Amino acid sequence: MMEKKTPTLKEITPRSQDYSQWYQDVVLKTELADYGPVKGCMIIRPYGYALWEAIQADMDRRIKETGAVNAYFPMFIPKSFLEKEKDHVEGFSPECAWVTIGGGTELEEPLAIRPTSEAMICSMYAKWVGSWRDLPVMINQWCNVVRWEKVTRPFLRTTEFLWQEGHTLHATAEEAEEETLRMLEVYRGFCEEMLAMPVVAGPKSEAEKFAGAKRTYAIEAMMGDGRALQAGTSHNLGQRFAEAYGIEYLDKNMQRVRPWSTSWGVTTRLIGGMVMTHGDDSGLILPPRVAPIQIVIVPIPPRKGDWNEAILPRARELQRRLRAAGLRVHLDDRDTQQPGFKYADWEMRGVPLRLEIGPKDVEKNQAVLVRRDNRAKAFVPEGELAARAAELLAALQSDLLSRARRFLADSTTRVSAWDEFKDVMNGKRGFLACGWCRDAACEAAIKEETKATVRVMPRDAGERPGVCIRCGRPSPGEVLFAQAY
RNA sequence: CGGGGCGUGGCGCAGUCUGGUGGCGCGCCUGGUUUGGGACCAGGAGGUCGGAGGUUCGAAUCCUCCCGCCCCGACCA
């Protein structure tokens, strides 16, 4: 295998020059998304939507494996429903979009366009649940939600976004906590196995909790510019929503009791996270497991004569065989573009493997396979193509994860002094592991001075008791601070 | 929602200060030569200069208001 150095693409701003511009260039130029007429409402283009479909398909399977089933609830939520849980409404009303006119007349009661569906779904649960035999209830829905954000960026924060939201009811506090953690683990596993995006999982601080939740857990990924991205959340809602929405049932002792609820979700933000986790100055690098196209075949025309005679039929045959082996293969048979252009174009779009087939290859009964991540070239006999392609895709998938894991580790700095904290946060940023007294005032002060917030309190936090990075009071365990997207 | 920047063929920009027949690059279309890392030549199409008012003989250019986008801050998946 030979390696080639990375050529730069003129369409894409180098990451080192302007990370945020790089991200925007990549998303637009690779046709993942485009801006629409309404601020914050992007169009997810076919290539981007294919990624979402791949994410959906696998995540949906994982969700169903936990026992949840899919359903669909309305997008309009009556104002009075939303207002039943005090913290919930306080948290979400600032970013709610309201419908006040329908069919030309003012509505008696304004309808919120769902920012999340706890209010709607819990209201229905109140109607559906009456007996201990009805539990647990585990319903998931795939839908769009609207949150009127001030600052928007494609995939990372949009006014309207797509997600899945699961809502469950359980007989005991323990079961609810188990469910919350189970889904957190489902998300963590998905991000690592499918997106090759390593994450840190753990509970959020009180300040960072979901509006109305008893406890919020999250997975956090680290982006190339040293900022953390919340990639999924799982909430233990305790009995607060059950109480607010009047969900109760008769238990085995014929007592009226309230169930315990959870909710959990991941969004199209995952796509943004994946773009930033793997992309380079040439554009996207897509993990093979979710790449809409895993292999692109670029036929090389002969010096003289028609490529229809020898090259294209061969290329079609290879496509057929690779497809038969279960791979997603695209043949770029445009005769209007030169091979060099196609190389650059498909690299920008992040296709994991390129297959070149030209006169010399046909002669030797071989083809050339080139990896997107390191541009390593391999000359492969035709008979071994499908097997080698599958091997290379698997290697690429796991190399992406290893590389991202190394980056995550390199981006995590253990600090023990406040000055050190500020220095790192002003420099390379990333995750800062340190003690924290758990006082919200201290957390707020740290945010004020450094823009960093508590991202998660990792599982092994209790193993590292110490003192608060800012005030010096005792810390029960280490937490991770970072500037967040 | 505060501070800053920007709206000119599909995209990126010049022209605006100092008013006087809207231009460049890329892309697109046609024809030809090309094709193993972003080809070249020739010809061609495409614009109510973000919108509405105003000033002026005359407005992309000056004035007023509005809209949108981007960046930086306070809220968020």
Side-chain angles (χ1 to χ4, degrees), chain A residues 4-13 18-21 23-25 28-29 34-42 90-96 115-116 144-165 187 204 207-211 216 218-221 228-235 263-273 282-283 298-307 311 334-348 354-362 367-368 370 375 377 379 444 447-448 451 453 484-485:
Chain A
K4 277 195 170 177
K5 59 173 175 260
T6 310
T8 47
L9 278 179
K10 51 184 176 240
E11 288 95 336
I12 295 175
T13 307
D18 184 342
Y19 194 82
S20 162
Q21 186 64 45
Y23 175 78
Q24 202 182 319
D25 287 349
L28 295 175
K29 301 280 164 55
D34 200 358
Y35 293 109
V38 180
K39 176 182 154 68
C41 296
M42 63 171 176
E90 272 177 23
F92 280 105
S93 61
E95 43 183 313
C96 259
T116 178
N144 59 341
V145 289
V146 167
R147 298 182 185 178
W148 217 261
E149 301 289 350
K150 310 256 195 290
V151 180
T152 59
R153 308 183 65 194
F155 294 111
L156 299 174
R157 183 174 296 104
T158 48
T159 303
E160 178 187 13
F161 56 92
L162 305 183
W163 75 346
Q164 59 69 212
E165 50 177 328
Y187 291 159
K204 286 285 194 182
E208 297 283 324
K209 236 171 40 166
F210 175 76
T216 287
I219 50 171
E220 296 269 338
L229 184 78
Q230 182 169 307
T233 48
S234 186
H235 315 290
S263 68
W264 26 269
V266 294
T267 75
T268 34
R269 174 182 272 186
L270 286 176
I271 294 174
S282 297
V298 178
I300 312 294
R303 290 225 165 264
K304 287 174 193 162
D306 192 344
W307 70 347
I311 308 298
R334 290 176 292 180
D335 57 4
T336 50
Q337 311 292 344
Q338 294 182 292
F341 176 91
K342 294 179 181 178
Y343 296 170
D345 196 43
W346 292 110
E347 278 176 8
M348 181 177 80
R354 173 174 78 239
L355 188 155
E356 300 170 21
I357 175 93
K360 288 181 254 174
D361 303 308
V362 170
V368 185
V370 186
R375 291 184 172 79
K377 251 185 197 192
F379 298 87
K447 182 176 181 183
E448 175 74 24
K451 294 183 218 163
T453 49
Y485 265 93

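Every chain is numbered from 1, with letters handed out A, B, ... down the list of sequences. Fair warning: this is a prediction, and the values are worked out from it, not measured in the lab.
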Chemist: Taking only N/O atoms, report every protein-nucleotides 39-41 of chain B pair under 3.5 Å with atom names and distance.
Modeler:
{"from": "A39(B)", "atom 1": "OP1", "to": "Q338(A)", "atom 2": "OE1", "distance (Å)": "3.1"}
{"from": "A39(B)", "atom 1": "OP2", "to": "Q338(A)", "atom 2": "OE1", "distance (Å)": "2.4"}
{"from": "A39(B)", "atom 1": "O4'", "to": "Q338(A)", "atom 2": "OE1", "distance (Å)": "2.8"}
{"from": "A39(B)", "atom 1": "N9", "to": "Q338(A)", "atom 2": "OE1", "distance (Å)": "3.2"}

Chemist: Reading RNA chain B from 5' onward, which residue's closest nucleotide shows up sooner: K447(A) or K342(A)?
Modeler: K342(A)

Chemist: Suppose you measure atom C1' in C1(B) against the same atom in A74(B); what distance do you get, rounded to whole Å?
Modeler: 8 Å

Chemist: Between R157(A) and Y485(A), is NZ or CZ placed under 6.0 angstrom from the six-membered ring centre and within 45° of the ring axis?
Modeler: no

Chemist: For A60(B) and A52(B), measure between their C1' atoms and round to the nearest Å.
Modeler: 16 Å

Chemist: Could you identify the nucleotide paired to U16(B), looking across every strand shown and requiring Watson-Crick or G-U wobble geometry with both distances under 3.5 Å?
Modeler: none

Chemist: List in chain and number order the residues that pass side chain to side chain donor-acceptor pair (under 3.5 Å) with K204(A), two or more places apart in sequence or in another chain; answer none if no residue qualifies.
Modeler: E220(A), Q230(A)

Chemist: In whole Å, measure the gap between the P atoms of C6(B) and C63(B) for me.
Modeler: 14 Å

Chemist: For the P atoms, the ones on G73(B) and on C65(B), what distance do you get once it is rounded to whole angstrom?
Modeler: 28 Å

Chemist: Which base sits across from U61(B) as a Watson-Crick or G-U pair, both distances under 3.5 Å?
Modeler: none

Chemist: Within the distance-only criterion (no hydrogens, no angle test), does the side chain of T216(A) pair as donor or acceptor with the backbone N or O of F210(A) below 3.5 angstrom?
Modeler: yes

Chemist: Taking OP1 and OP2 of G73(B), is either one under 4.0 Å from a side-chain nitrogen or oxygen of K451(A)?
Modeler: yes

Chemist: For the CH2 atom on W148(A), are there more than 12 heavy atoms of other groups (residues, nucleotides or ligands in this structure) within a distance under 6.0 Å?
Modeler: no

Chemist: Under a 3.5 Å cut-off for both contacts, is C69(B) paired Watson-Crick or G-U wobble with anything, and if yes, with which nucleotide?
Modeler: G5(B)

Chemist: Mind checking the P distance from G68(B) to G58(B)? Whole angstroms is fine.
Modeler: 32 Å

Chemist: With sugar-phosphate meaning primed atoms plus P, OP1 and OP2, does P301(A) contact a base, only sugar-phosphate, or nothing at under 4.0 Å between heavy atoms?
Modeler: base

Chemist: From the set A77(B), G37(B), C76(B), return the single nucleotide nearest to any side-chain atom of E95(A).
Modeler: C76(B)

Chemist: What verdict does the side chain to side chain contact (heavy atoms under 4.5 Å, CB included) test give for Q164(A) and V266(A), after you've listed the backbone C-alpha separation in whole Å, the side-chain angles of each residue and the deciding distance to 0.1 Å?
Modeler: CA-CA 6 Å; Q164(A) 59 69 212; V266(A) 294; 3.4 Å; yes

Chemist: What nucleic acid atoms does V368(A) come within less than 4.0 Å of, heavy atoms only: base, sugar-phosphate, or nothing?
Modeler: base

Chemist: What nitrogen or oxygen pairs link the protein and nucleotides 67-70 of chain B at under 3.5 Å?
Modeler:
{"from": "C69(B)", "atom 1": "OP1", "to": "K39(A)", "atom 2": "N", "distance (Å)": "2.7"}

Chemist: With a 4.0 Å cut-off on heavy atoms, is P359(A) in touch with a base, just the backbone sugar-phosphate, or nothing at all?
Modeler: base

Chemist: Output yes when at least one side-chain N/O atom of K29(A) is less than 4.0 Å from OP1 or OP2 of G38(B), else no.
Modeler: no

Chemist: Closest to the K150(A) side chain: C1(B), A77(B), G37(B)?
Modeler: C1(B)

Chemist: Could you let me know what U30(B) is paired to, Watson-Crick or G-U wobble, both distances under 3.5 Å, or none if it's on its own?
Modeler: A42(B)

